[in-house]
Every structure is written in C-alpha cells, then in structure tokens.
Amino acid sequence: MTTRRKLIAGNWKMNGLKADGLALAKGLADKLKAGPAPACDLLVCPPFTLIAAVVDAVAGSTLAVGGQDCHAKTSGAHTGDTSPAMLADLGCGYAIVGHSERRTDHAESDAVVKAKATAAQAAGLIAIVCIGETLAQRDAGQTMDINRSQLLGSLPDGATPENTVIAYEPVWAIGTGRVATPAQAQEVHAAIRAELTKKLGGEAAAKMRILYGGSMKPDNARELLALPDVDGGLIGGASLKVADFWGIAESC
Ligand code: PEP
C-alpha cells in the first residue's frame, strides 16, 4: 500500500505574459479555494518573469510555485541565470532540473543536472529531476540503459523522498501528442523505482514520487495516473489552460 501523494506539476515553459499568466494562476487558485480540491498536490512552474506575480496571485491557496530551472551556484558572475536561493526567496517550493529541452538547448549533462539539483535542495527546494530517452534510443533498445544512467548521473547524493521528485519524460512524447502507452510508462517507472531501491534503499524508494511527462492530457491522464508506479504528471501544453490542468488533477 503506497502512501505517495500524487503531484501534478505544470511546466509553462516560455509561455505567458502578465495578463494570461496571472489569469491562469488565479483561475487555478480560485478553484482550489472553492473546493473540493483534487486528491493531489498541485504545482505551477511559470517563466522566471512571472514567478513573483504568480506567488502573490495564488497566496492563500494550496497551489505551489516552482522554477523551470536554476543555477548550481547561490550568487555570482552568471549573467542571465537564476539561483535556487533567488527562487526560494520569491516563494518557490520546487525547481525543475534537467528537462530535456535544457539538456538539448543548453547542452546540460547529467553532472550539471546533479549540481543544480544539489543546489536546489541546499536552498530548501524540492528538485524535480527529469530523465528520458529519445525515440532513436528507444528504437535502438536503449531505453532502460539511458534512463538508468541519466538517473544515477543526475540524482544528488543527498536525495530523499522529501527533497526529490523524479520525472520520467520520454523525449519523443514531449509536445508531440504521442503519449507513452500505460505498459511503456509502467515498465520504465518500475525500473526507475528498482534503481532507486538499489541506491537509496527500499523505504526511500517506496516513498519517492516518480512523475510521468509527455503529452499528458485530461483524456489520457486517468489510465496513466492509475499505474502503480506513476505518482503524478509533469505537464507542458495542457498546463496552459485551467480546464485542462484541472481535468488532469481531477483524474488523480
Ligand atoms: C514537458 O514539457 O515537460 C511536457 C511533458 O510537455 P507536454 O505535456 O506538452 O508534452
């Protein structure tokens, strides 16, 4: 019997100007306040430009706010970057690290992701560590090897169920409308939990949340979220509309 509470996390990516970002955040916060709340934790990760305003807009609700990335250092000469301490200072509780778009667009290695996750945790944030294989890697039969090596390379040494969430995001399913089948998702999630068991011990592995990400929508969320090792979702496109994100949350 699992005690893991599901987490539904919205990754807004580089979307949202003040008016629409605030309307989205307020729409979710109002629904949470009105109740009944879905049986999961809810998180939004707006672009950096909107974090402060979104934190203010959702005050008094249980909607958590996080960053989409962070630097591995607390401060210093890193033009354009944002430190975990800055995110925490704004009221963030989470930071996504190692999203495949960061790994591709900014050539982030597992070592970089691990350093960012470690720094996020040191600042009191929960690190959402993303891993996932490309289509070429899946077609080459490398899915398990890739996910195992990204997991072990990106996981901070001090990872616990309280300071770490894993997000399995097959790259071929992100923003493509092509979702992993329940069997594909469960197979990888179970393998990730088995690796976590070897690394952290059974008790910690049983408590750590592993999210699925990749074209999750209201109409496919229920069967994915019902899988034994799927503990929530990291949602891109469908997190940009109140009704869609709420619909996914209600599937928990
Ligand atoms: C993501 O960006 O993490 C993601 C899963 O995107 P989408 O839901 O749009 O596939």
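In listed order, ligands and their atoms are each counted from 1. Index from 1, following the sequence.
The closest side-chain heavy-atom distance from Ile8 to Leu43 is not below 4.5 Å.
Atom numbering of ligand 1 starts at 1 in the shown order; those under 4.0 Å from a heavy atom of Ile174 are 1 (C), 2 (O), 4 (C), 6 (O), 10 (O). Of all the atoms in ligand 1, the ones that sit under 4.0 Å from a non-hydrogen atom of Gly175 are 7 (P), 9 (O), 10 (O). Distances below 4.0 Å separate heavy atoms of Gly214 from the following atoms of ligand 1: 5 (C), 10 (O). Close contacts between ligand 1 and Gly237 involve ligand atoms 7 (P), 8 (O), 9 (O) [criterion: under 4.0 Å to a heavy atom]. With ligand atoms numbered from 1 in the order given, ligand 1 contributes 1 (C), 3 (O), 4 (C), 5 (C) to contacts under 4.0 Å with heavy atoms of Glu169.
If you check which protein heavy atom lies closest to atom 8 (O) of ligand 1, you get Gly236 N, 2.8 Å. Among all protein heavy atoms, the one lying closest to atom 1 (C) of ligand 1 is His99 NE2, 3.2 Å.
Using a 4.0 Å cut-off between a side-chain N of Lys or Arg and a carboxylate O of Asp or Glu, Glu133 and Arg138 qualify as a salt bridge. Classification of Lys114 and Asp157 as a salt-bridged pair holds, one side-chain N sitting under 4.0 Å from a carboxylate O. At a threshold of 4.0 Å, the pair Arg209-Asp41 counts as salt-bridged, since one of the basic side-chain nitrogens sits closer than that to a carboxylate oxygen.
Of the options Arg103, Glu108, Lys116, a side-chain hydrogen bond (donor to acceptor under 3.5 Å, both in side chains) to Ser154 is made by Arg103 and by none of the others.
At under 3.5 Å, not a single nitrogen or oxygen of Glu101, backbone or side chain, sits near a nitrogen or oxygen of ligand 1. Residue contacts with ligand 1: Leu234 is placed with no nitrogen or oxygen under 3.5 Å of a nitrogen or oxygen of the ligand (distance criterion only). The N/O atoms of Thr176, backbone and side chain alike, include none that comes under 3.5 Å of an N/O atom in ligand 1.
Residue contacts with ligand 1 do not include Gly233, since none of its heavy atoms lies under 4.0 Å from the ligand. Contact annotation: Ala238 has no heavy atom less than 4.0 Å from any atom of ligand 1. Within the 4.0 Å heavy-atom shell around ligand 1 one does not find Lys217.
Residues Trp12 and Ile235 fall within the same hydrophobic cluster, defined by Ile, Leu, Val, Met, Phe, Trp and Tyr side chains chained together at heavy-atom separations under 4.5 Å.
Taking the six-membered ring where tryptophan is involved, the planes of His189 and Tyr168 are perpendicular, since the angle between them exceeds 60° and thus also 30°.
Within a 6.0 Å radius of NZ in Lys241, other residues, nucleotides and ligands contribute 12 heavy atoms or fewer.
If you look at Ala173 next to ligand 1, the close heavy atoms, those under 4.0 Å, all belong to the backbone.
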From CA spacing to verdict: salt bridge (charged side-chain N to carboxylate O under 4.0 Å, His left out), Glu162, Lys207: CA-CA 9 Å; Glu162 289 73 37; Lys207 285 193 196 152; 5.1 Å; no

